[in-house]
Amino acid sequence: MIYAGIAGTGSYLPERVMLNAELEEMVETSDDWIQSRTGIKQRHIARDDESTCDMGLVAAANAIASAGVDKNDIDLIIFATSTPDQTFPSTACLLQRELGISNNCMAFDVQAVCAGFVYALNIANNFVKTGAAKCILVVGADCLSKIVDWTDRSTCILFGDGAGAVVVTAQDQPGIYNSVLHANGNYANLLQVPSGVSRPGNKPYIEMTGSEVFKFAVNSMESIVDEVLTDTGLEQADIDWLVPHQANKRILSATAKKLSLPVEKVVITVQDHGNTSAASIPLALDVAVNDGRIQRGHLLMMEAIGGGFAWGAVLLRY
Ligand code: COA
């Protein structure tokens, strides 16, 4: 059997930190309200001239170095983002160019909003299992500050910019045990950017019905954990670390409670990063690998939900 495993991790955060106090100057809100409803204390904001690909490039270079692979051994780049640099080419192709990969490897983007990284990891797993690729660069990066309505207090407090990356390689032990994905487009209007390329309009910013998203997120994250454990021979009690999408500390606490997982076993970075969409899981993973919490051999559960709704989970041994 061939399995996919994570050989290395990397991440990047823009230099500029925006504290809640700065938002108090922009909209009618308070540090207290933001922290008590979301757990967020600060977020990083990209420079005007800093793009999603620019951020992904640093994260990818770090992941390649951490994996110890030759960049020209990469045979596929999957770039999860909802904020691509250009309509086309894909951000994956732009990243391939910036990395100087000269082997004509496959490259494409995945658009599943905040679930983008678990979608991309699931696809990488299937490419490895079928033998179609052996060394895959999976990047999650978003520059949500550029599609936030900075006058809308119900959304602008939530989001931040950043990038995370992993190198996935073929190995003879798991690795990824299982991964499941779902989507339901009937919920599209609860979390959306209404204007786009083929449907232009005057609403190019994030709109969200927060309380409905919150309810759906808690319920779907609970059920997907059971689903991804099915037929793996593993149980909730075997999970060493939950590495979830970082949207709201209250969603993370509710999920941990439903899993009977002590909150100390949940990697939580939302206080420092805000919601960085496709970047949030690989960013959290890299933080916990670098500070020594996540060790080789640990069992990780990753799960995310975002606009669509699209949601999914990955169970893997690091
Ligand atoms: N500062 C102060 N007050 C605010 C505010 C802000 N930034 N944003 C909203 N409010 C107000 C509302 O106007 C409302 O006031 P009202 O009762 O007078 O109408 C009140 O706070 C409660 O709003 P509500 O939306 O019910 O709050 P909430 O407890 O649901 O928290 C979110 C709002 C956005 C933090 C929460 O719904 C959430 O996190 N949802 C999920 C978001 C998410 O995860 N999105 C991404 C998924 S990938």
Side-chain angles (χ1 to χ4, degrees), residues 18-43 80-83 110-120 140-145 147-162 164 181-185 187-194 205-222 224 242-256 266 268-271 273-284 302-313:
M18 182 189 276
L19 300 174
N20 291 344
E22 198 174 330
L23 288 159
E24 288 176 348
E25 306 292 313
M26 296 160 68
V27 289
E28 201 182 327
T29 191
S30 67
D31 179 38
D32 264 3
W33 192 96
I34 299 171
Q35 286 206 44
S36 64
R37 300 293 178 110
T38 71
I40 298 169
K41 296 180 179 166
Q42 62 171 53
R43 70 288 293 142
T81 188
S82 317
T83 48
V110 167
Q111 215 284 37
V113 203
C114 296
F117 184 75
V118 290
Y119 263 71
D142 266 307
C143 206
L144 292 183
S145 64
I147 54 166
V148 159
D149 176 355
W150 290 102
T151 65
D152 176 4
R153 69 175 183 174
S154 70
T155 54
C156 73
I157 55 149
L158 295 172
F159 300 107
D161 301 331
L181 303 177
H182 293 289
N184 187 335
Y187 293 102
N189 62 349
L190 294 182
L191 179 54
Q192 62 177 336
V193 176
Y205 300 117
I206 297 172
E207 290 182 0
M208 182 179 73
T209 311
S211 53
E212 295 298 317
V213 177
F214 190 99
K215 274 185 254 166
F216 193 93
V218 172
N219 290 332
S220 57
M221 291 303 93
E222 181 192 5
I224 207 162
L242 181 66
V243 190
H245 172 50
Q246 311 283 322
N248 182 321
K249 201 168 186 174
R250 284 158 54 216
I251 298 178
L252 304 187
S253 307
T255 310
V266 185
I268 301 180
T269 54
V270 70
Q271 69 283 357
H273 302 166
N275 179 346
T276 57
S277 194
S280 87
I281 289 180
L283 256 169
M302 298 172 177
E303 37 130 64
I305 174 167
F309 291 138
W311 66 104

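Whatever order the structure lists ligands and atoms in, that order sets their numbers, starting from 1. Counting from 1, the numbers follow the sequence of the chain as shown. The basis for the numbers below is simple: all heavy atoms, side chains too, and nothing from hydrogens, waters or symmetry mates.
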Can you list the ligand 1 atoms lying under 4.0 Å from a non-hydrogen atom of [X]?
X      : answer
Ala247 : 44 (O)
Ser211 : 37 (O)
Ile305 : 48 (S)
Arg250 : 29 (O)
Glu28  : 1 (N), 2 (C)
Ile251 : 44 (O)

In terms of residue, atom name and distance, what is the protein heavy atom nearest to [atom]?
atom                    : result
atom 1 (N) of ligand 1  : Thr29 OG1, 2.7 Å
atom 22 (C) of ligand 1 : Arg37 NH1, 3.7 Å
atom 39 (O) of ligand 1 : Asn248 ND2, 2.6 Å
atom 33 (C) of ligand 1 : Trp33 CH2, 3.9 Å

Side chain of [X], backbone of [Y]: donor and acceptor closer than 3.5 Å?
X      : Y      : value
Arg43  : Ile157 : yes
Thr38  : Gln35  : no
Arg153 : Val27  : no
Thr81  : Ala141 : yes
Gln111 : Val113 : yes
Gln246 : Ser280 : no
Asn20  : Ile40  : yes
Asp142 : Ser82  : yes
Asn275 : Asn248 : no

Determine, counting only non-hydrogen atoms of the protein, whether one lies under 4.0 angstrom from [atom].
atom                    : result
atom 45 (N) of ligand 1 : yes
atom 11 (C) of ligand 1 : yes
atom 19 (O) of ligand 1 : no
atom 6 (C) of ligand 1  : yes
atom 14 (C) of ligand 1 : no
atom 26 (O) of ligand 1 : no

Legend entry - Nearest-0.5 Å distance, CG of residue Asp149 to CD1 of residue Ile206: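 Reported to 0.5 Å precision, the distance equals 9.5 Å.
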With a 4.0 Å heavy-atom cut-off (strictly under), which part of [X] contacts ligand 1: side chain, backbone, both or neither?
X      : answer
Met208 : side chain
Ile157 : side chain
Val27  : neither

Please say whether [X] places an N or O atom under 3.5 Å from an N or O atom belonging to ligand 1.
X      : answer
Thr38  : no
Asn275 : no
Arg153 : yes

Minimum heavy-atom distance [X]-[Y], with the two atoms named:
X      : Y      : value
Asp161 : Ser145 : OD2-OG, 2.6 Å
Ala304 : Val118 : CB-CG2, 4.2 Å
Glu303 : Leu242 : CG-CD1, 3.9 Å

Inset, instruction - Take the angle between the ring planes of Trp311 and Phe216 and call it parallel below 30°, perpendicular above 60°, tilted in between. - result: perpendicular
Inset, instruction - Just go through Ile34, Thr155, Leu190, Val213 and tell me whose heavy atom is the nearest to atom 43 (C) of ligand 1. - result: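 Among Ile34, Thr155, Leu190, Val213, the closest heavy atom to atom 43 (C) of ligand 1 comes from Val213.
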Inset, instruction - Between Gly210, Cys114, Ser36, Ser154, flag the one that comes closest to atom 37 (O) of ligand 1 by a heavy atom. - result: Gly210
Inset, instruction - Mark the output for Val113 as yes if a heavy-atom distance to ligand 1 is under 4.0 Å, and as no if none is. - result: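 No, that is not the case, since the closest heavy atom of the residue is not under 4.0 Å from the ligand.
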Legend entry - Partners meeting side chain to side chain donor-acceptor pair (under 3.5 Å) with Asn184 (sequence neighbours left out):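 Partners of Asn184 under the side chain to side chain donor-acceptor pair (under 3.5 Å) test: Asn186.
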